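One structure follows; several queries about it will come next.
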2 protein chains.
Amino acid sequence: MSYSIQEVADMMNVNASTLRYYDAEGLLPDIKRVNGKRVFEDKDFKWLRVLNCMKNIHMPVKKIREYVALAQQGDATLQKRYDMILEQKKNIEDQIKELQNCYKEFEYKEWYYKTALAAGTEKAVENIALEAPTLEIDQIPENYGKGGF
Amino acid sequence: MSYSIQEVADMMNVNASTLRYYDAEGLLPDIKRVNGKRVFEDKDFKWLRVLNCMKNIHMPVKKIREYVALAQQGDATLQKRYDMILEQKKNIEDQIKELQNCYKEFEYKEWYYKTALAAGTEKAVENIALEAPTLEIDQIPENYGKGGF
DNA sequence: ATATAAGTTAAAGTTTACTTTAAGTCAAGC
DNA sequence: GCTTGACTTAAAGTAAACTTTAACTTATAT
């Protein structure tokens, strides 16, 4: 199977010009050309999926280009690439932890607004939080009272 | 307790000018001033922590400003704020899922390079993947063969 | 044959989120 | 009284990641 740039753009949910930009930046090595036009093949999708991952974890274009450049140099750069992968894996772990923290903050907010809406006013939430010990404790997130807004 | 902009910047690990920028953009409502100078108080840190979360999940400044503006309008905007929070909570869930997917991709890469390094060449990995059934299967990530680079 | 649609490049433009600069204010220490 | 250091504002500058534009090529359908 082979695909035009627009087809790939649609599949990846990006602008075709983004793919051209990536290509110009060295993020899409060895894309076949037919009459000057880019033709994407199955092998390219393997890399596109990894690239997509790298974008998702916010690796800067510059760093992805470094990785690609290393990969093109073959076995001599295996260790460097391995190190990069480990670094990014650690990076992802940290990001997930951050997001999980934020998730808790937002869970609290959900409770906060749910409670305020039920009472009709935000003022009530502080009172409820203050009275917490008299309520079923699991109705209130552990981190209640962190509020503000 | 009250803190200067520089002290807060140090605590939040941002540039003081970033805090001024946030203030100018309406992301830091009701900061006290003494002789024209910003003075941060305990109540401000509650919001700063939430703001920090919102930055972490990549909410654009514009959207955070919307939220702040709603909050300043009081109880009439409770429902809207609740909806925003739910939307962002969903958003975080999606981001975590994406990151977890990427994590798997990187775990595969880790295996890939570890294997290649042991063999001294990348070529070996494909062979090993092809021969997989003859190996201890749990030495190879489930998603082997997704490779490319 | 010719119009259309989809591709091409190089270069300029846009957006977002800061960051830096320049010029000025102000309280504290010498 | 004067320097120093930390703050202030408004405005200009920067960096990253696209996105748009303009001029051009090429395969396909009429």
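Both backbone and side-chain heavy atoms feed into the values below; hydrogens, waters and symmetry mates do not. Owing to the predicted nature of the structure, the values given are computational and were not obtained by experimental measurement. Chain letters run A, B, ... following the sequence lines, proteins first, then strands; residues in each count from 1.
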Legend entry - Exercise: do B/N101 and B/E105 side chains pair donor with acceptor under 3.5 Å: no

Inset, instruction - Would you classify B/S17 as touching base, sugar-phosphate or nothing, given that sugar-phosphate means primed atoms plus P, OP1 and OP2, and contacts are heavy atoms under 4.0 Å? - result: base

Inset, instruction - Give a yes/no answer on whether the side chain of A/T18 brings an N or O atom under 4.0 Å of OP1 or OP2 in D/dT19. - result: yes

Inset, instruction - Please determine if a side-chain N or O atom of B/N15 lies less than 4.0 Å away from the OP1 or OP2 oxygen of C/dC18. - result: no

Inset, instruction - Keeping the roles fixed (side chain from A/E25, backbone from A/R65), state whether a donor-acceptor pair exists under 3.5 Å. - result: no

Inset, instruction - For A/K55, answer base if it contacts any base atom (sugar-phosphate contacts may also be present), sugar-phosphate if it contacts only those atoms, and nothing otherwise; contact means non-hydrogen atoms under 4.0 Å. - result: sugar-phosphate

Legend entry - Closest listed nucleotide, where the reference is the side chain of B/K37 and the choices are C/dG7, D/dT26, D/dT8: D/dT8

Inset, instruction - Report which part of the nucleic acid A/R20 touches: base, sugar-phosphate, or nothing (heavy-atom distance under 4.0 Å, all strands). - result: base

Inset, instruction - Select base, sugar-phosphate, or nothing to describe what A/Q6 touches, counting heavy atoms under 4.0 Å on all strands. - result: sugar-phosphate

Inset, instruction - Ignoring backbone atoms, test whether A/R33 places a side-chain nitrogen or oxygen under 4.0 Å from the OP1 or OP2 oxygen of C/dT9. - result: yes

Inset, instruction - Look at the side-chain N and O atoms of B/N35 and state whether any lies under 4.0 Å from the OP1 or OP2 oxygen of C/dT25. - result: no

Legend entry - Per A/R38 side chain, nearest of listed nucleotides D/dA17, C/dT8, D/dA27: C/dT8

